[in-house]
> 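Below is one structure. I have some questions about it.
Side chains included, hydrogens not; waters and symmetry mates left out as well; all remaining heavy atoms used. For ligands, and for the atoms within them, numbers begin at 1 and follow the listed sequence.
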Amino acid sequence: MRIVFVGPPGSGKGTQAKFLCDKFGIPQISTGDMLRAAKSEGRLPPEITKAMESGGLVPDSVVIGLIEERTQQPDAAKGFLLDGFPRTVPQADALSAMLSKRGLALDCVVALDVPENLLIERAVLRRTDKRTGQIYHLSYKPPPPDAVIEHRVDDQEDVVRRRISTYQAMTSELLPHYERLGLLRRVNGVGDVADVTQRCLAALGRV
Ligand code: AP5
């Protein structure tokens with residue numbers, strides 16, 4: 001299974017990706033997580049850190065390089081779920097070229113739809129456990145007392161609003177691109193996490 005998850009900030013890509021990857025035994029490959037890991041290890045150039053923290057996009061060449069390398073690791077041989085990549089048509093074209101060179105193709109692009117007011121509430125109140133990467137929410141899924149909690153720098157409300165605008169600008173081209181290729185499945189991302197998982201599985205034809 002080679003799946004792409006597209007959706008605005010806070011739509012639940014990371015939350016749903018974990019369930020699906022466990023079920024299918026494939027790795028979750030998140031460009032956001034890889035960039036944050038590089039930043040915490042001091043490997044991210046300052047201009048890229050600035051782009052992320054201000055709600056903009058990182059240059060295509062940087063994320064394409066990350067994906068090219070990561071998707072060739074042995075654990076991705078049976079498939080993978082790309083969370084947050086591609087975000088632009090040039091990224092989508094690069095992905096398709098790198099897969100076709102290996103005789104592979106995408107199976108499906110799942111786009112999670114969530115209205116803007118919910119996105120802001122979800123992102124601003126999100127907290128992550130630094131050690132495990134587990135995603136929590138202060139209202140819907142409060143972290144346990146022993147969690148080592150982190151609040152993402154780009155989850156401040158003004159930055160979340162900018163990330164949503166960036167997403168809207170970019171998907172005006174990306175989603176029609178995947179629709180034309182017959183790969184796009186739109187999923188309503190509002191409701192219980194388990195209900196959204198069922199809708200994702202239905203979109204993938206795996207119920
Ligand atoms: P990235 O880390 O990919 O961030 P994002 O796309 O903005 O998505 P988020 O991680 O904010 O949200 P999510 O959809 O995963 O939601 P989650 O499951 O956590 O990217 C960060 C930055 O890196 C970008 O801004 C950009 O600068 C750069 N970047 C990354 N990829 C790039 C690329 N390809 N090209 C260029 N730049 C790139 O859920 C959110 C919250 O909601 C959680 O608290 C969760 O518990 C809660 N929640 C989830 N589902 C539900 C539900 N059904 N009901 C109630 N609460 C829920």
Side-chain angles (χ1 to χ4, degrees), residues 4-21 28-39 44-45 47-68 70-71 81-95 110-129 133-143 147 149-157 159-171 174 187-200:
V4 164
F5 255 30
V6 185
S11 56
K13 300 183 296 295
T15 301
Q16 294 301 329
K18 288 205 169 21
F19 288 109
L20 298 183
C21 287
Q28 172 194 1
I29 300 181
S30 157
T31 36
D33 286 347
M34 286 192 270
L35 291 165
R36 281 185 290 278
K39 183 187 160 207
L44 208 59
E47 65 278 12
I48 293 182
T49 302
K50 205 170 152 199
M52 286 181 76
E53 291 183 351
S54 63
L57 289 186
V58 166
D60 287 341
S61 57
V62 172
V63 285
I64 290 167
L66 289 175
I67 291 294
E68 174 108 53
R70 180 64 185 87
T71 54
L81 187 157
L82 300 180
D83 163 4
F85 180 95
R87 271 168 147 91
T88 64
V89 173
Q91 290 179 20
D93 288 341
L95 175 64
V110 175
L112 285 176
D113 292 321
V114 176
E116 188 164 335
N117 59 326
L118 275 184
L119 294 175
I120 292 167
E121 191 210 13
R122 284 190 188 180
V124 170
L125 296 181
R126 167 179 36 204
R127 298 293 183 271
T128 311
D129 188 325
Q134 177 65 52
I135 304 166
Y136 296 101
H137 187 279
L138 293 182
S139 304
Y140 306 126
K141 190 180 179 189
I149 288 309
E150 196 167 44
H151 187 197
R152 271 168 52 173
V153 182
D154 61 350
D155 276 347
Q156 303 301 323
E157 184 169 337
V159 185
V160 174
R161 287 188 189 279
R162 243 173 286 137
R163 286 162 60 205
I164 293 171
S165 303
T166 305
Y167 174 82
Q168 283 162 348
M170 131 220 138
T171 45
L174 187 69
V187 169
N188 175 5
V190 180
D192 281 353
V193 169
D195 291 341
V196 179
T197 307
Q198 285 309 310
R199 287 178 215 144
C200 290

> With atom 26 (C) of ligand 1 as the reference point, say which of Ser30, Gly189, Gly56 has the nearest heavy atom.
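The option holding the nearest heavy atom is Gly56.
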> Of the protein's non-hydrogen atoms, which lies at the shortest distance from atom 53 (N) of ligand 1, and what is that distance?
Gly191 O, 2.8 Å
> Under 4.5 Å between any side-chain heavy atoms of Arg152 and Met52, yes or no?
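Side-chain contact under 4.5 Å: no.
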> Does Tyr167 approach ligand 1 within less than 4.0 angstrom via side chain, backbone, both or neither, non-hydrogen atoms only?
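None of Tyr167 does.
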> Nearest to atom 1 (P) of ligand 1 by heavy atom, Lys50, Arg87, His137, Arg162: which?
Arg87
> Using distance alone, determine whether Val63 and ligand 1 share an N or O pair under 3.5 Å.
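Not met; the criterion fails.
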> Could you give me the CA-CA distance, side-chain angles and deciding distance for Glu53 and Lys39, then say whether salt bridge (Lys or Arg N to Asp or Glu O under 4.0 Å) is met?
CA-CA 11 Å; Glu53 291 183 351; Lys39 183 187 160 207; 2.6 Å; yes
> State whether the shortest distance between N or O atoms of Gly10 and N or O atoms of ligand 1 falls below 3.5 angstrom.
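Between Gly10 and ligand 1 (N or O atoms, distance only) the closest approach is under 3.5 Å.
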> Does ligand 1 have a heavy atom under 4.0 Å from the side chain of Pro8, from its backbone, from both, or from neither?
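Under 4.0 Å from ligand 1, Pro8 contributes backbone atoms alone.
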> Run Ile164 and Ile120 through side chain to side chain contact (heavy atoms under 4.5 Å, CB included) and show every step you take.
CA-CA 9 Å; Ile164 293 171; Ile120 292 167; 3.9 Å; yes
> How far apart are the C-alpha atoms of Leu82 and Thr71, what are their side-chain angles, what is the distance that settles it, and do they pass the side chain to side chain contact (heavy atoms under 4.5 Å, CB included) test?
CA-CA 9 Å; Leu82 300 180; Thr71 54; 4.2 Å; yes
> So Leu35 and Leu66, side chain to side chain contact (heavy atoms under 4.5 Å, CB included) or not? Walk me through it.
CA-CA 9 Å; Leu35 291 165; Leu66 289 175; 3.9 Å; yes
> Please state which option from Arg122, Lys39, Lys18 has its nearest heavy atom closest to atom 41 (C) of ligand 1.
Arg122
> Which protein heavy atom lies closest to atom 9 (P) of ligand 1, and at what distance to 0.1 Å?
Arg126 NH1, 3.3 Å
> For atom 21 (C) of ligand 1, what's the nearest protein heavy atom and its distance?
Arg36 NH1, 3.6 Å
> List for me each residue that meets ring pair (Phe, Tyr, Trp, His ring centres under 6.0 Å) alongside Tyr140, sequence neighbours excluded, and say none if there are none.
His137
> Which of these, Lys141, Gln91, Arg152, has its nearest heavy atom closest to atom 4 (O) of ligand 1?
Arg152
> List the closest protein heavy-atom neighbour of atom 43 (C) of ligand 1: residue, atom name, distance to the nearest 0.1 Å.
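Checking every protein heavy atom, the shortest distance to atom 43 (C) of ligand 1 gives Ile135 CG2, 3.5 Å.
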> For the residue pair Cys200 and Phe5, establish whether any side-chain heavy-atom pair is separated by less than 4.5 Å.
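The answer is yes; the side chains approach within 4.5 Å.
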> My understanding is that only one of Arg126, Arg162, Arg36, Arg127 makes a salt bridge (Lys or Arg N to Asp or Glu O under 4.0 Å) with Asp155; could you say which?
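Testing each of Arg126, Arg162, Arg36, Arg127 against Asp155, the sole residue satisfying salt bridge (Lys or Arg N to Asp or Glu O under 4.0 Å) is Arg126.
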> Using a strict cut-off of 4.0 Å, indicate which atoms of ligand 1 neighbour a heavy atom of Tyr136.
43 (C), 44 (O), 46 (O)
> Note the single closest protein heavy atom to atom 7 (O) of ligand 1, along with its residue, its atom name and the distance in Å.
Arg163 NH2, 2.7 Å
> Using a 4.0 Å cutoff against the non-hydrogen atoms of Lys13, which atoms of ligand 1 qualify?
5 (P), 6 (O), 8 (O), 12 (O), 13 (P), 14 (O), 15 (O), 16 (O), 18 (O)
> Atom 16 (O) of ligand 1: which protein heavy atom is closest, and how many Å away?
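Here the nearest protein heavy atom works out to Gly12 N, 3.2 Å.
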> Name all residues meeting the salt bridge (Lys or Arg N to Asp or Glu O under 4.0 Å) criterion together with Asp113; count only those two or more places apart in sequence or in a different chain, and write none if there are none.
Arg186
> Which option out of Leu35, Thr31, Thr15, Ile64 puts a heavy atom nearest to atom 39 (O) of ligand 1?
Thr15
> Can you find an N/O atom of Tyr140 closer than 3.5 Å to an N/O atom of ligand 1?
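No, there is no polar N/O contact under 3.5 Å.
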> Between Ile67 and Met34, is there a side-chain heavy-atom distance shorter than 4.5 Å?
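Yes - at least one pair of side-chain heavy atoms lies under 4.5 Å apart.
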> Distance-only, no hydrogens or angles: does the Gln91 side chain make a donor-acceptor pair with backbone N or O of Arg87 under 3.5 Å?
yes
> So for ligand 1, is Ser11 a polar contact partner (N or O within less than 3.5 Å, distance only)?
yes
> Identify, for atom 23 (O) of ligand 1, the protein heavy atom at the shortest distance, and state residue, atom and that distance.
Met52 CE, 3.5 Å
> In terms of heavy-atom contacts, does OH of Tyr136 have more than 12 from other residues, nucleotides or ligands at under 6.0 Å?
yes
> Would you indicate whether the side-chain heavy atoms of Val4 and Leu95 approach each other to under 4.5 Å?
yes
> Looking only at distance, does Gly84 have an N or O less than 3.5 Å from an N or O of ligand 1?
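Between Gly84 and ligand 1 (N or O atoms, distance only) the closest approach is under 3.5 Å.
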> With a cut-off of 4.0 Å, which atoms of ligand 1 are near a heavy atom of Gly14?
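Going through ligand 1 atom by atom, the ones under 4.0 Å from Gly14 are 13 (P), 15 (O), 18 (O).
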> Using a 4.5 Å cut-off on heavy atoms from C-beta on, say whether the side chain of Val193 contacts that of Lys141.
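They are not in contact (no side-chain heavy atoms under 4.5 Å apart), so the answer is no.
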> What I want to know is whether Val58 and ligand 1 share at least one N or O pair that is separated by under 3.5 angstrom.
yes
